Amino acid sequence: MSEDTLVRFEKHGAIGVITVDNPPVNALSPGVPEGIIASVDAGIADPDVKAMVLIGAGRSFIAGADIRQFGKGRPPLKRKTYDAFEASPKPIVAAIHGYALGGGLENALGCHYRIAVASAKVGLPEVLIGLLPGGGGTQRLPRLIGPKIALDLIVSGRHVPAEEAGQMGILDRVIPADGDLLSEAIKFAEEMADVRPLPLIRNDDSKLGEATAGGDIFEAKKKQIARKARNQIAPYNNIKAVQAACELPFDEGIKRERELFEELVSSDESKALRYAFFAEREAQKLPDVPKGTPVRDIKTAAVIGAGTMGGGIAMCFADAGIPVKVLEASQEALDKGFERIRNNYEVSVKRGSLDAEEMEARFARMEKVTNYDDIGQCDVVIEAVYEEMSVKEIVFKELDRVMKPGAVLLSNTSALDIDQIAAATSRPEEVGGAHFFSPANVMKLLEVVKGSKTSPEITATTMALGKIIAKAPAACGNCDGFLANRSRAPFNSEMVIMLEEGCMPEQVDKVMVDFGYPMGPFAVGDLAGLDIGFAGRKRRAEADPNYRMLPIADKLVEMGRLGQKTGAGWFKYEKGDRTPHPDPEVADLIRTMSKEMGNTPREFTEDEILKRLLFSSVNEACKILEEKISYRASDVDVMWLYGFGFPRYHGGLMYWADGLGTQDVYNQIAAWHQQYGDRWAPSALLRKLADTGTAFREAHTLVG
Ligand code: NAD
């Protein structure tokens, strides 16, 4: 669509209607602001027009800025839409449906009034991509609703449902979700047409005093976010901008907002966060699942196994409003599983993140069953029984027997061969992997695994299902450990191997927490239980005689140090407290075993620890790309962000490595290959990338 047709102006009686029509979401791309300003001018010039309505065509109001335009050095517009609205002698009503986020809400705040349908959402989420609302949002919102709530909204970036936004005072009127927004907005504009003076947010400082009334809200906010926002600047610049709204006259505040915005737009942090945003979108595009591939309707679900994962997966369905039948081998296991689910929900109710009534509604969507015939009519089934091929094969034979034609059959296996599981059925094309991460009701990654026979329709449906249950789906092919766990496995080994050389768990954890992880990897191991990794290693060692066991980690398990659940693992824990404390007993064990292995303990730098862990995984990820198990490096990043808590402001594992350069990464890996042997053998793709000066994010172009 050409730039001058993105906005149209039409008269409905005495009301001028400005419609932004820039599909899919009316982003503020070049041409849109200019079109809005021209329409406002047309409305002002027309003596028959008494008021105006600003509305979006299609599924949304102006959803937000066009993020791809940031940092492109586009010259700022001479005249801003907000200035045009505020200079208008005739009232302008923003009519909101869908989303009004970022620049979208900022435009609405520049208007005199705001009306929305109840299903709409508003917010200023710029902080989530390392920015701040640079179109006056940090100056107008605190004036409109008071700086305290504005600060919460701007620093969290939260999307606010219209009803709540109405109560906060962001919206003047909220109409039912099925109401006719345009006619209601026109009616509202007619009501307000002659009301003077026109309300302008910029002129109303009456609420700003609350910033200092009950203590310093800005210092309090900084303290509140300190842990989560460490190493980042955007959350703090957002606070500074709201503070400027409270301390400076409006126009000076706007200037300050601009300066703080400029600081962010060129920051590495914002670049990485914007990259992560697009990586997640890119992950939805699957080259071998053509656009238009039919997606099956998922209205009912079944989960096999009510253990740690099955219970969490059932919660995902119930939370999304999908009735789910949970099947177990025995009534006893079923009751135990449901008790655990209830406990999980009750924790959320106690924390205040879920109300008791909603909890009951979710719980009521879950049904206990012990008979396969009871699940036959479900649209999708996810198997989450023990990680043993023989058990999975029996389950899938049963599923093949009872499930209706067209049902989607998925396994939550962490590493087993999807093709072998599918071969247990007469319909392998209907079988795929849906790998959740623990705790399944919390972790956002859904790793969608395509077996060699999985049909594009099943893959497309599993990806869509991921969205429905509020996950971040990303796809890969079938191999031992799939993409996520396979690329993570060398990291998990390397962290223990470093101990054999004299490093201590608390040192490793400190480096990774400083890098930005919420917890260090050894503390995470203690949380998950060290017996899980041990069982996996034993399984692998049985299958592969060259598999390297990890004697120090194995010894801890043999000593009964299984992690938090036994009060001791890599660290020790006080009763009822999850804080890890370094344990001299572990330090002694490490020194003794290290000596027995013929090693002389040495010092490690922080840089070495970080690179030993992350480079080992980068190398493995390259092998995964080379084998075409993964479509592209950015999918690795999505999986690491949502499956392993990789710090988002570093973009993702491969984006971070790109920051160092493929040549340097290759050189270091090649040096460790000399020093440590085969496990560090550089992937052929990595070598090619280094030789050709190609970035990891372009790696797929070399694979073909
Ligand atoms: P779990 O032992 O907690 O639960 C398994 C459940 O399956 C048990 O309740 C058991 O009674 C039930 N079960 C066993 N055989 C059954 C059968 N024939 N019919 C019905 N129910 C049966 O195990 P989990 O940790 O929930 O793991 C389940 C699956 O999820 C495994 O494939 C595992 O690899 C995978 N997974 C686990 C994690 C994790 O962190 N725990 C993460 C991702 C994937």
Side-chain angles (χ1 to χ4, degrees), residues 302-316 324-341 343-344 366 368-375 381-403 409-418 420-421 424 431-449 466 471 476 478 480-486 488-489 492 521 524-540 562-565 639 642-645:
V303 174
I304 315 295
T308 314
M309 295 306 286
I313 296 168
M315 288 172 80
C316 295
V324 54
K325 296 184 180 188
V326 184
L327 187 147
E328 258 290 350
S330 71
Q331 187 64 39
E332 198 191 339
L334 203 48
D335 292 341
K336 227 171 95 191
F338 269 60
E339 205 179 296
R340 207 171 18 220
I341 294 172
N343 285 343
N344 279 341
M366 298 188 195
K368 295 178 185 177
V369 301
T370 49
N371 191 336
Y372 274 90
D373 293 309
D374 293 337
I375 63 168
V381 52
I382 300 190
E383 166 278 313
V385 303
Y386 301 135
E387 186 75 338
E388 266 173 50
M389 184 54 86
S390 56
V391 184
K392 307 247 187 218
E393 282 175 334
I394 294 170
V395 169
F396 272 81
K397 274 205 178 80
E398 282 296 278
L399 294 178
D400 192 28
R401 182 178 67 80
V402 300
M403 298 310 292
L409 315 186
L410 303 172
S411 171
N412 179 50
T413 175
S414 312
L416 298 180
D417 183 356
I418 292 290
Q420 196 177 338
I421 294 174
V431 179
H435 182 208
F436 289 73
F437 287 69
S438 185
N441 56 314
V442 177
M443 295 302 285
K444 275 201 72 176
L445 177 59
L446 180 67
E447 186 177 38
V448 175
V449 185
K471 298 289 175 200
C476 65
N478 183 27
D480 190 356
F482 315 127
L483 194 170
N485 283 347
R486 179 176 158 191
R488 171 72 186 209
N492 290 345
V524 170
D526 278 353
L527 180 67
L530 302 183
D531 44 334
I532 293 186
F534 183 55
R537 287 196 294 281
K538 274 205 306 206
R539 185 171 61 80
R540 267 156 220 272
L562 304 185
Q564 282 192 22
K565 59 186 168 190
M639 295 213 192
Y642 288 115
F644 303 134

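Along the sequence shown, residues are numbered consecutively beginning with 1. Read the numbers this way: they start at 1 and go in the same order the structure lists the ligands and their atoms. Computed from a predicted model, the values in this text were never measured in an experiment.
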Quick one: which ligand 1 atoms are inside 4.0 Å of a heavy atom on [X]?
X: His435; answer: 43 (C), 44 (C)
X: Lys392; answer: 31 (C), 32 (O)
X: Ser414; answer: 33 (C), 34 (O), 35 (C), 36 (N), 37 (C), 43 (C), 44 (C)
X: Ile304; answer: 20 (C)
X: Val395; answer: 18 (N)
X: Phe436; answer: 42 (C), 43 (C), 44 (C)

* **Nearest-option assignment for atom 15 (N) of ligand 1, heavy atoms, candidates Asn485, Thr413, Ile532, Val391** =>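 It is Val391 whose heavy atom sits nearest to atom 15 (N) of ligand 1.
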
* Selected option - heavy-atom contact closest to atom 31 (C) of ligand 1, from Val326, Val385, Asn412 -> Val385

* For the side chain of Glu447 and the backbone of Cys476, is there at least one donor-acceptor N/O pair under 3.5 Å apart? -> no

* **Passing option when Ile313 is tested against Leu446, Thr308, Ile382 for side chain to side chain contact (heavy atoms under 4.5 Å, CB included)** => Ile382

Heavy atom of the protein closest to [atom] (residue, atom name, distance):
atom: atom 2 (O) of ligand 1; result: Tyr386 CE2, 3.4 Å
atom: atom 40 (O) of ligand 1; result: Ser438 CB, 3.3 Å
atom: atom 4 (O) of ligand 1; result: Gly307 CA, 3.3 Å
atom: atom 9 (O) of ligand 1; result: Glu328 OE2, 2.5 Å
atom: atom 39 (C) of ligand 1; result: Met309 SD, 3.7 Å
atom: atom 20 (C) of ligand 1; result: Ala329 N, 3.4 Å

* Asked: Sequence neighbours excluded, which residues qualify as side-chain hydrogen bond (donor to acceptor under 3.5 Å, both in side chains) partners of Lys538?
  ->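 Applying side-chain hydrogen bond (donor to acceptor under 3.5 Å, both in side chains) to Lys538 gives none.
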
* **CD/Gln331: more than 12 non-hydrogen atoms of other groups inside 6.0 Å** => yes

* Given side chain to side chain contact (heavy atoms under 4.5 Å, CB included), test Leu483 with His435 step by step and report yes or no. => CA-CA 10 Å; Leu483 194 170; His435 182 208; over 6 Å; no

Show the nearest heavy-atom pair for residues [X] and [Y], with the distance to one decimal.
X: Val402; Y: Ile375; value: CG2-CG1, 4.3 Å
X: Gly312; Y: Ala440; value: C-CB, 3.8 Å
X: Gly433; Y: Leu410; value: N-CD2, 4.4 Å

* So is Gly337 in contact with ligand 1, going by heavy-atom distances below 4.0 Å? -> no

* Return yes or no for this condition: an N or O of Glu383 is under 3.5 Å from an N or O of ligand 1. =>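 For ligand 1, there is no N or O atom that lies under 3.5 Å from one belonging to Glu383.
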
* Sub-4.0 Å protein heavy atom next to atom 23 (O) of ligand 1 ->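 Under the 4.0 Å cut-off, atom 23 (O) of ligand 1 has no protein heavy-atom neighbours at all.
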
* Between Glu328 and Thr370: side-chain donor-acceptor atoms closer than 3.5 Å ->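 Absent: no donor and acceptor within the cut-off.
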
* Asked: Using a distance-only test with no angle check, is there a side-chain donor-acceptor pair under 3.5 angstrom linking Asn343 and Glu339?
  -> no

* To do: Output the distance between atom OG1 (Thr413) and atom CE (Met309), rounded to the nearest 0.5 Å.
  =>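 So the OG1 of Thr413 and the CE of Met309 are separated by 10.5 Å.
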
